[in-house]
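Down below is the structure, laid out as structure tokens.
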Amino acid sequence: MNGKTILKRGKEKPLRQHHPWIFSGAILRTEGVRTENANDGDTVDVYDAAGEWLARAAYNSRSQIAARVWTFERGERVDESFFQKRIRQALEFRKSLQTSEISGNFGSLNAFRVVNAESDFLPGIIVDRYADLLVVQFLTLGAELHKQEIVEALKELFVENQSLVLNLPSPVPRSPPPVTCIYERSDVDVRKKEGLKEATGVLFGKEPPDKIEIAENGLRLLVDVRRGHKTGFYLDQRVNRERALPYLRGEVLNAFAYTGAFGVYAAKLNGASVTNLDASASSLELARENFALDGVATNADFVVADAFEKLREFRAAGKKFDAIVLDPPKFVTSAANLERATRGYKDLNMLAFQLLKPNGFLVTFSCSGLVDAKLFQQIVFSAAVDGKRDAQIVEKLGQSPDHPIGLNFPEGEYLKGLIVRVV
Ligand code: SAH
């Protein structure tokens, strides 16, 4: 028998539109679940004030988001077969994506996001695939308490029943190998808000190697799933690496390079010479290995420095580039620092405009969810004004299709980018 969460009068509308979050302020009371920590994470049935059933959700009194919906289908049980069904649906979509890419111009791909949390109707659950590895994150208490069932569902789909996931059309240049390891990377800040500690390690199979090689558009890239950002790599930028490629020619500055992915594309596929800039020496070490692996080590420089300072130095030295990629980390962490972060984005983009040759291209991103596409465009515009450049937008970018955004869940949109030509 599940606990019962009853909403305040008038608070049911978002839920009727299938928004998956219930804020604590919308809840009148919860019955049958002790609100002490012990029973947090339990599945509850959610009712409106008039007593009508709305959804089944994971409850957590310690979070501002006091409940996250597992299902809007009455009577659906939240068990291993539930997770298997949802993950399989997410996977089917990726499979169709992957198939078209494999048979298209871009060559093989064996790294992609399998499950994108709320936007794949699995709140708090991220699953990324890197060749024969799955890397998972459990971001919420509800997800954490179902960890074992989720791992079993993944094993069933990726290890035991390969035919479900690998019936790609032949000939397939390089189909993904069977999964040999499920690795957890739940070392994320959001877990604190859920009352959870960080957790990392092997959940199934053998210990992963230090670096795992993935294939993306025929390029070879190394991913450090233990220490890398997020689950190891910026899979969300994959389509943008493809879309930006025609503009990354000549002398390219890859600022906030991380492990160099944008730069490897430009060097290998366009013969560009790439300056990779990042504050992290260890990220650039891996970038160096990636350039070498793709045979373009001689086309690349690696500069460990703060981007704000280095771009100013380049400007003072009169240095110019044909194209610049700006892919900074998330500057806006809360509404409180929006203004400061906005200034940071503007400053960077202004410097980039000043470093571009005429007809040069700026490929610029923001991954701050609180900066929407409209605000981002305004920031880039004022950067152009301050940098005294006229420019035109040639492409608008978002997150890759394996990072879908639930229409019912606009919070799932965070990455936006512009490709801008300086005239
Ligand atoms: N473009 C990369 C991802 C960038 S992630 C890709 O496609 O894989 C953001 C990067 O910015 C991180 O590698 C981080 O080390 C770096 N970074 C953060 N602050 C920085 C700063 N002030 N100057 C230079 N690099 C910075």
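Atoms within a ligand are numbered from 1 in the order they appear, just like the ligands themselves. Quick note: numbers below take in every heavy atom, side chains included, and nothing from hydrogens, waters or symmetry partners. Residue numbers count from 1 along this sequence.
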Checklist entry - Nearest protein heavy-atom contact for atom 1 (N) of ligand 1: which residue, which atom, what distance? => result D327 OD2, 2.7 Å
Item to check | Side chain, backbone, both or neither: A255 near ligand 1, heavy atoms under 4.0 Å | outcome: neither
Checklist entry - Considering only heavy atoms of R241, which atoms of ligand 1 have at least one such atom less than 4.0 Å away? => result 7 (O)
Item to check | Enumerated ligand 1 atoms positioned under 4.0 Å from heavy atoms of A307 | outcome: 21 (C), 23 (N), 24 (C)
Checklist entry - If you measure from each heavy atom of E309 to ligand 1, is any distance below 4.0 Å? => result no
Next on the checklist: Need the ligand 1 atom indices (1-based, order shown) with element for anything under 4.0 Å from a heavy-atom of Y258.
Outcome noted: 2 (C), 3 (C), 4 (C), 8 (O), 13 (O)
Item to check | Heteroatom proximity flag, D278 to ligand 1, N/O under 3.5 Å | outcome: yes
Checklist entry - Looking at F321, is K319 sitting on its ring face, NZ or CZ under 6.0 Å from the six-membered ring centre and within 45 degrees of the normal? => result yes
Item to check | Contact atoms of ligand 1, heavy-atom distance to S280 under 4.0 Å | outcome: 15 (O)
Checklist entry - For the side chain of K155 and the backbone of I182, is there at least one donor-acceptor N/O pair under 3.5 Å apart? => result no
Checklist entry - For ligand 1, which atoms have a heavy atom of A305 less than 4.0 angstrom away? => result 23 (N), 24 (C)
Item to check | Side-chain donor/acceptor of N60 to backbone N/O of D40, under 3.5 Å | outcome: no
Checklist entry - With a 4.0 Å cut-off on heavy atoms, does G260 reach ligand 1? => result no
Item to check | Salt-bridge present (K230, D128; N to O < 4.0 Å) | outcome: no
Checklist entry - Is there a side-chain contact between T200 and E184 (heavy atoms, below 4.5 Å)? => result no
Checklist entry - Counting N and O atoms only, with roles assigned by atom type, does the side chain of N270 sit under 3.5 Å from a partner on the main chain of A272, one being a donor and the other an acceptor? => result no
Item to check | Rounded distance [0.5 Å steps], CG in L54 versus CZ in R56 | outcome: 12.5 Å
Next on the checklist: If we only consider heavy atoms of K310, is any one of them less than 4.0 Å away from an atom in ligand 1?
Outcome noted: no
Next on the checklist: Between E194 (side chain only) and L141 (backbone N and O only), is there a donor and an acceptor less than 3.5 Å apart?
Outcome noted: yes
Checklist entry - Given C367, A279, S283, which one has a non-hydrogen atom that is nearest to atom 24 (C) of ligand 1? => result A279
Checklist entry - What class does the angle between the rings of F302 and F291 fall in, given that below 30° is parallel, 30 to 60° is tilted and above 60° is perpendicular? => result perpendicular
Item to check | Sub-4.0 Å atoms of ligand 1 with respect to non-hydrogen atoms of F262 | outcome: 1 (N), 7 (O)
Checklist entry - Counting only heavy atoms, which portion of F256 has something under 4.0 Å from ligand 1: side chain, backbone, both, or neither? => result both
Item to check | The one among P329, G344, G228 that brings a heavy atom closest to atom 19 (N) of ligand 1 | outcome: P329
Checklist entry - Does ligand 1 have an atom that lies less than 4.0 angstrom from a heavy atom of D306? => result yes
Checklist entry - When the ring planes of H146 and F83 are compared, do they come out parallel, tilted or perpendicular, using 30° and 60° as the limits? => result tilted
